[in-house]
Amino acid sequence: MDTPNTKLRLAIIAVAVAVPAAFFAYSAGWLSPSRLTPAKFVNQLQADGGNNVGARRNHTKGLCVSGYFEGNGMGAAISSATVFAKGRYPVSGRFSLPGGNPHGNDAKAAPRALGLKIDGGSGQQWRMAMLSSPVFVLSYPKDFYQLLQLQQPDPATGKPDGAKIGAFFKAHPEAGPFLDWAQHHKRSDSFASTPFNSLNAFEATNANGEHHFVRWSFLPQTPFAAQPADAGPDFLFDDITQRLKKGPVSWQLQLQVANPGDPIVDATKAWPADRQHIDVGTLVLTQTEPQSSGACRDTNFDPVILPDGLSPSADPLLPARSAVYSDDFTRRISEQAKLEKK
Ligand code: HEM
């Protein structure tokens with residue numbers, strides 16, 4: 001019988017079903033087709049030439065690496081993260097080139113890239129994905145998406161429309177420092193002599209509860225030498241594989257601490273060079289593994305997976321990166337599972 005009590009229960013069940021359904025529809029972008037979703041980003045990366053089934057749609061060409069981080073204890077002044085206490089922490093990572101081409105040309109790639117996962121013990125992990133440029137190209141995810149759309153090859157010519165990309169950059173002067181770097185920086189002879197930068201800012205909290213905004217850089221301990229004029233398309237990956245067979249390669253981890261008023265939410269703007277720098281330890285890489293079988297294959301170097309003592313800033317790139325990497329990761333992992341079943 002339809003008593004008022006039964007009606008109320010049915011109404012509660014209907015709401016309980018409808019609310020999550022509406023949430024999923026919203027997350028997937030079905031309720032607002034013009035909304036920028038993680039899936040749209042990954043679809044666009046695929047359209048730009050990165051439809052690599054079972055592999056990353058961006059930064060596709062890569063190599064797994066491993067080693068350790070030796071904390072010197074100096075970082076504890078700024079963050080309570082376990083990795084900043086004196087000690088040795090296992091590291092796994094991945095060198096890569098940006099873009100969806102699994103056979104990208106190392107000699108032309110800029111920026112170069114490094115993803116790292118540092119295991120700080122007690123379930124504390126610090127994941128990061130860094131570039132060799134001193135700044136990122138754009139401030140907002142929506143603008144980066146628009147650039148990716150413009151980079152899609154025109155079916156008529158097989159190339160993107162250079163005039164449209166030129167006009168886009170004219171309308172986005174914030175890209176100036178990145179473009180200037182891309183055009184004029186001196187390429188080094190190795191991943192080992194390349195710096196890698198967080199670009200996004202993060203909030204560091206120390207054991208006294210004091211907060212500072214930081215960016216970080218891994219500074220190469222291998223001296224700079226210029227990229228050879230005859231560098232081949234795989235020279236960076238061949239070089240690091242050979243170097244690590246001969247011995248370890250290291251980088252110094254340096255934190256830069258923001259002054260009040262420094263741009264925290266805009267990765268296109270570098271901080272002045274006179275900001276406080278703290279050398280907090282040394283990254284030592286010892287071996288490589290192919291990405292088809294190494295530990296990095298099934299790792300998502302999501303930049304918001306952080307240990308206690310570090311948290312994301314309000315930079316809008318960070319949540320977008322996290323969501324897009326997750327979508328890409330989910331696709332490639334499920335594709336790999338299907339490929340392995342065949
Ligand atoms: C909205 C902006 C961005 C988007 C949409 C984007 C997108 C992506 C995607 C889809 C991947 C592949 C993820 C995977 O399957 O694991 C990736 C990898 C990567 N991204 Fe980004 N990215 C953005 C900004 C940045 C920035 C600002 C940096 C550096 C500060 C960066 C550094 C990297 C690196 C190093 C990798 C390779 C990680 C690996 O080896 O797995 N990206 N990016």
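Basis for what follows: all heavy atoms, side chains included, without hydrogens, waters or symmetry-related copies. For ligands, and for the atoms within them, numbers begin at 1 and follow the listed sequence.
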*Stepwise side chain to side chain donor-acceptor pair (under 3.5 Å) check, Ser193 with Thr222*: CA-CA 5 Å; Ser193 51; Thr222 305; over 6 Å; no

*Residue portion contacting ligand 1 (non-hydrogen atoms closer than 4.0 Å) for Leu199*: side chain

*asked:* Distance under 4.0 Å to a non-hydrogen atom of Phe301: what atoms of ligand 1 satisfy this?
replied: 39 (C), 40 (O), 41 (O)

*Of the backbone atoms (N, CA, C, O) and the side-chain heavy atoms from C-beta on, which set of Met130 has a member under 4.0 Å from an atom of ligand 1: side chain, backbone, both, or neither?*
backbone

*Got the closest protein heavy atom to atom 11 (C) of ligand 1, with its distance?*
Asn58 CB, 3.7 Å

_Give me the nearest non-hydrogen protein atom to atom 41 (O) of ligand 1 as residue plus atom name, then the distance to 0.1 Å._
Arg56 NE, 2.7 Å

*Quick one: does ligand 1 sit under 4.0 Å from the side chain of Val42, the backbone, both or neither, non-hydrogen atoms only?*
neither

*Ligand-side contact atoms (ligand 1) for residue partner Leu45, heavy atom cut-off under 4.0 Å*: 10 (C)

*Among Phe196, Phe41, Phe95, Phe136, which residue places a heavy atom closest to atom 27 (C) of ligand 1?*
Phe136

*Does a side-chain N-to-carboxylate-O contact under 4.0 Å join Lys341 and Glu335?*
no

*To the nearest 0.1 Å, how far is atom 12 (C) of ligand 1 from its closest protein heavy atom, and which atom is that?*
Asp328 OD2, 3.3 Å

*Nearest protein heavy atom to atom 16 (O) of ligand 1, by residue and atom, and its distance?*
Arg332 NH2, 2.8 Å

*How does Ser198 reach ligand 1, by side chain, by backbone, by both or by neither, if only non-hydrogen atoms under 4.0 Å count?*
backbone

_On a heavy-atom basis, which atom in Asp239 and which in Ser190 lie closest, and how many Å separate them?_
OD2-OG, 2.6 Å

*Closest approach of any protein heavy atom to atom 31 (C) of ligand 1, naming residue and atom*: Arg321 NH2, 3.1 Å

*Taking side chain as C-beta onward, heavy atoms only, is Gln254 less than 4.5 Å from Trp216?*
no

*Taking N or O atoms only and a 3.5 Å limit, does Asn200 qualify as a polar contact for ligand 1?*
no

*So, is the end of the Arg88 side chain (NZ or CZ) under 6.0 Å from the ring centre of Tyr68 and within 45° of the ring's axis?*
yes

*Establish, from distance only, whether the side-chain atoms of Ser92 and Ser66 form a donor-acceptor pair under 3.5 Å.*
no

*Within a distance under 4.0 Å of any heavy atom of Ala113, pick out the atoms of ligand 1 and give their elements.*
35 (C)

*Tell me: protein heavy atom nearest atom 42 (N) of ligand 1, and distance?*
Tyr325 OH, 2.7 Å

*Of the options Ser96, Ser132, Pro98, which is the one that meets Arg112 in a side-chain contact (heavy atoms from CB on, under 4.5 Å)?*
Ser132

_Residue, atom name and distance, where the atom is the protein heavy atom closest to atom 19 (C) of ligand 1_ = His59 CD2, 3.2 Å

*For ligand 1, is there an N or O atom under 3.5 Å from any N or O atom of Arg94?*
yes

*Give the residue, atom name and distance (to 0.1 Å) of the protein heavy atom nearest atom 2 (C) of ligand 1.*
Phe144 CD2, 3.4 Å

*Return yes when atom OH of Tyr140 has more than 12 non-hydrogen atoms of other residues, nucleotides or ligands closer than 6.0 Å, and no otherwise.*
no

*Does Phe191 have its ring centroid less than 6.0 Å away from the ring centroid of Phe95?*
yes

*Is the ring centre of Phe41 less than 6.0 Å from the ring centre of Tyr145?*
yes

*Would you call Asp262-Lys269 a salt bridge at under 4.0 Å N-O?*
no

